[in-house]
Each structure stands twice: as C-alpha cells, then as structure tokens.
Amino acid sequence: MKKLSNGIMIDCARKNYTFNDIINYIDYLSEFENSFIHLHLSDNENVAVECNLLGQIVKYSQKHEGYYINPENGKRFFSFAQIRELFCYAVIKNVEFVVEIDLPAHMNGFFELSAYKFGDEFLNEIGADIKTDKGNVFGQIDINNKAGKKFIYSLIDEYTEQFSYIKYFHIGYDEYSLVTGQRKIEFLNEIASYIRKKCFVVRIWNDTVTRDNIGSIDNSIEITYWILPEDKKYNTVYASVPDLQKYGFRVINANCNYLYFYDCHIDQIKYKADLISESWDISIWNKFFYDKCESIENIIGSMICIWAEEPAHSDTKDIFNSVTKMYDAMVIKNKFKNHK
C-alpha cells in the first residue's frame, strides 16, 4: 500500500524567497518520507521565473541575494538554471518537485512583462484584462481570442521545454470567470492533453470542477482541493472530494481552513497547528470538520500552502519556523493513514 504524500507550497510570485530559502525547505522535507515541494511561480503580482518570450532573462538582469532583479519593473525572479539546481538538489534529498504556472487567470504578471516587451496594444490583441474596475476578471485572458490562445500556448511551450525534467506541472486554472460553460472545460482538457503528451502529470486547483461538468473533465488531471466555493448567483454546485473520488480523480487535500498559512497572520500559527492536531485529518476536505470522506481512496496526499496575497514584512526564516509546526502536525495526523 502506498503511503500518503505530504508537501509544502511556497508562493514565490508574491514573496521574496531566495534560493537558500527554498533549499532550507527541501532540507526540512527530506526528513520525511514521500514529501514534495510545490513552487507557485506566477500570479497577478509577478512572474518569479525567467521568461524568454517576454524578455525576463538573466542576461539583462542583476543577481541579488539568491535571485535576479528585472530592471524593467524592479521585481525578482529565479533563473531557469536555479530552478534546475533546486530540482536536482530535491532529487538528491528524495523530495518530489512541483512547478506551477498559473493560467488563464492570475496572469497579470505576464501581462506586465508583455507590455514592456511588445507595448500596451499587445494586451488588447490577446484579450488580456488589466483593469481593476472589472472586478474578479482582473488578470484573466480571453481563451476564445485566437491571439490570447496562442499566447497561452507560447508560455506553455517555453515552460514545458525548460521544465522537461520535472514530473508535475500545475497550471492553476483557478478563479477563472471570463469564459464559462463548456468552452472553459474544453480548453482545460485541450491544454491538459497537450501538456500530458509532453510527459507531465497535470494538476489544477479544484474550483473549476462542478457537479455539472465533472463528467466532461479529463480525470487524469490531479486536483489540488482547497475550498468548496458557494456561488448562489449562478446556482453552481461545486464538486466535492467524494464527487471527485467517484469519477476517478486523484486528489491532494489542501483544505484552506486548516492547511493555508498567510504570512500576514504569522501570529496565528500556534492556533493553526493546534487546529490541525485537534480537528483535521486527510478525510476532511471542506472548511468544516463535519464534511468527511467515507474513505481516502484516490486521496494521494495533503499540502500546507504558504500564501502571500497580502505580503507582510515577515522574515522568511520566521515563516519557515512557523509553517514547519503546521507541517509537523499534518504529518502526524497522516502517519497512520494509507492510500488505497
């Protein structure tokens, strides 16, 4: 019987993590069996990795304390060489490695780089939304726009080529509302198939999957389950983990009530670690403890997520010391659980 995997996700896009910061997490995770590290490398605020397509490259940047600075916007990123070095170190330490390039929402970091490289008119050509007055579609791209679709595939081609040695490729696909209905699912299946043919395991966040569309989604896509959203406006019934189990999806439990950490709430860490110890186990998929799976079939692991949507001035070493307490608690709760 296969043991559960346990991991930590680091929001590199919105917090200044250095190369050595990531090394420290890998060293820590190496103390546990079946562990993994997940790097969230792009979001609305920044693209925290090289991008040849959009001119964010080492050649034109300055190295500074374990990362590079883009001279156009003053933001930091990791080089492709650094990501490869981190991966190789993780392999030596027996830690699985996951990269995430978030699309077709949370793309404003790419839009910003595009404007520097190609001009503002290019953003109109690809159907990019960069206006905050549109509310929740900010940072999204129109997947029905031919130029926008080509842009997405160009990014996928670059990152799948550069990360060809990595097994797991997470594409986000969360909080996307600019295009809805069957077309949204068709495009998900299309790009997942495209990436899978390049020998990757594809992962997404769960909030695209509903009870209406679950049967249309390729169940080889692994689901990182963070929340069961409520959408009374559109009368949407989102898929639960039991629904995903029924349809044969493999699931990573990232329950946002228990397993999310925000660096602006570093003072709450003891509460979060105690909450995991007292109330959570891997069968608890929704925010509240009374939503439990009857079995853990197809639940392949769980993950602590370190987010920086409202980045505070917390030192990354303090975050490390806090998050590892949560991880310790999670691993203890998973210790006697086995994947069927």
More than 12 heavy atoms of other groups within 6.0 Å of [X] [atom1]:
X	atom1	result
Asn189	CG	yes
Lys198	NZ	yes
Glu33	CD	no

Pair Tyr25 + Phe320: ring centers closer than 6.0 Å:
yes
Measuring from [X]:[atom1] to [Y]:[atom2], what's the distance to the nearest 0.5 Å?
X	Y	atom1	atom2	value
Asp174	Asp102	CG	CG	4.5 Å
Glu186	Ile191	CD	CD1	13.0 Å
Lys149	Asn144	NZ	CG	9.0 Å
Asn286	Ile227	CG	CD1	8.0 Å
Lys333	Leu4	NZ	CG	13.5 Å
Tyr168	Glu100	OH	CD	15.5 Å

Quick one, Lys292 with Trp285, criterion side-chain contact (heavy atoms from CB on, under 4.5 Å). Give me CA distance, side-chain angles, the key distance, then yes/no.
CA-CA 6 Å; Lys292 298 186 71 170; Trp285 54 271; 5.8 Å; no
Between [X] and [Y], which heavy-atom pair has the shortest distance, and what is it?
X	Y	result
Val95	Ile37	CG1-N, 3.9 Å
Val241	Cys293	CG1-SG, 3.5 Å
Asn46	Ala13	CB-O, 3.1 Å
Asn253	Leu259	O-CD1, 3.4 Å
Gly215	Tyr247	CA-CE2, 3.8 Å
Ala115	Asp120	CB-OD1, 3.5 Å

Do [X] and [Y] make a side-chain contact, defined as non-hydrogen atoms from C-beta onward lying under 4.5 Å apart?
X	Y	answer
Leu188	Thr208	yes
Tyr165	Phe87	yes
Ser35	Tyr327	yes
Tyr258	Met330	no
Trp280	Ser302	yes
Leu29	Lys93	no
Val98	Leu39	no
Met9	Ile304	no

Is the shortest side-chain N to carboxylate O distance from [X] to [Y] below 4.0 Å?
X	Y	answer
Lys75	Glu112	yes
Asp43	Lys15	no
Asp11	Arg14	yes
Asp21	Lys317	no

Check whether [X] reaches the backbone of [Y] with its side chain - one donor and one acceptor, N or O, closer than 3.5 Å.
X	Y	result
Asp142	Ala128	no
Asn6	Val331	no
His40	Ser42	yes
Gln82	Gly66	yes
Ser164	Thr160	no
Gln245	Glu294	no
Asn298	Arg250	no
Asn213	Thr210	yes

Parallel, tilted or perpendicular for Tyr153 and Phe187, by the 30°/60° rule?
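Rings of Tyr153 and Phe187: perpendicular, over 60°.
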Which word best sums up how the rings of Trp307 and Tyr260 line up, parallel for under 30°, tilted for 30 to 60°, or perpendicular for over 60°?
tilted
Is there a path of hydrophobic side-chain contacts, each under 4.5 Å between heavy atoms of I, L, V, M, F, W or Y residues, that connects [X] with [Y]?
X	Y	answer
Ile92	Ile26	no
Phe77	Phe80	no
Tyr176	Met107	yes
Val58	Val49	no
Phe32	Ile10	yes

Tyr68/Phe78 under ring pair (Phe, Tyr, Trp, His ring centres under 6.0 Å): CA gap, chis, key distance, verdict
CA-CA 6 Å; Tyr68 289 85; Phe78 291 119; 9.1 Å; no
Does the side chain to side chain donor-acceptor pair (under 3.5 Å) test come out yes or no for Asn70 and Gln56, once each step is laid out?
CA-CA 6 Å; Asn70 185 327; Gln56 180 165 275; 2.9 Å; yes
Are side-chain N/O atoms of [X] and [Y] paired as donor and acceptor at under 3.5 Å?
X	Y	value
Asn206	Tyr173	no
Asp281	Ser283	yes
Tyr194	Asp157	yes

Check side-chain hydrogen bond (donor to acceptor under 3.5 Å, both in side chains) between Tyr89 and all other residues, then give those that pass, not counting sequence neighbours.
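Scan of Tyr89 (side-chain hydrogen bond (donor to acceptor under 3.5 Å, both in side chains), adjacent residues dropped) gives Asp27.
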Just checking, Arg203 and Phe36: is the charged tip under 6.0 Å from the six-membered ring centre and within 45° of the axis?
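That pair qualifies as a cation-pi contact.
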Test Phe122 against every option in Phe151, Phe111, Phe110, Tyr116 by the ring-ring contact (aromatic ring centres under 6.0 Å, His included) rule and name the one that passes.
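Exactly one option meets the ring-ring contact (aromatic ring centres under 6.0 Å, His included) with Phe122, and it is Phe151.
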